[in-house]
Amino acid sequence: MTLGMAVLLLAVVVAGIVPVFRYLREKPKLRIICLVLLSLIVVVLVGYIALTLIFVDAVRNQPPA
């Protein structure tokens with residue numbers, strides 16, 4: 001997965017949290033399940049983006065061979 005795709009997915013998932021709050025008020029169990037699932041996806045994507053940026057920075061700052 002490219003970094004751009006990960007950022008796009010992160011934006012879509014974060015934007016998906018708002019409709020869960022708005023439209024699932026009558027179903028609290030389903031709302032909790034959706035929020036937990038979306039939160040886990042956000043954590044995984046943020047971790048992926050952070051690790052990618054760390055690795056890119058490490059490659060960029062390598063000492064000359």
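Counting begins at 1 with the first residue of the sequence.
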Quick one: pull up NZ in K27 and SG in C34 and give me the separation to the nearest 0.5 Å.
10.0 Å
With clusters defined by side-chain heavy atoms of hydrophobic residues (ILVMFWY) lying less than 4.5 Å apart, directly or transitively, does V44 cluster with L8?
no
Path from Y23 to I17 over hydrophobic side-chain contacts below 4.5 Å:
no
Just by distance, do the side chain of D57 and the backbone of L53 share a donor-acceptor pair under 3.5 Å?
no
Are more than 12 heavy atoms from other residues, nucleotides or ligands located less than 6.0 Å from atom CE of M5?
no
Y48 side chain vs L3 backbone, donor-acceptor pair below 3.5 Å
no
When rounded to the nearest 0.5 angstrom, what is the spacing between CZ in R25 and CG in L30?
15.0 Å
Indicate if V7 and L45 have the same hydrophobic cluster label, given that clusters are the connected sets of ILVMFWY residues with side-chain heavy-atom separations under 4.5 angstrom.
yes
Quick one: do L35 and V12 end up in the same hydrophobic cluster if we chain Ile, Leu, Val, Met, Phe, Trp and Tyr together by side-chain heavy atoms under 4.5 Å apart?
no
Closest non-hydrogen atoms of L9 and M1, given as atom of the first, atom of the second and distance, are CD1-SD, 4.0 Å
Could you state whether I33 and I41 fall into the same hydrophobic cluster, counting links through intermediate Ile, Leu, Val, Met, Phe, Trp or Tyr residues with side-chain heavy atoms under 4.5 angstrom apart?
no
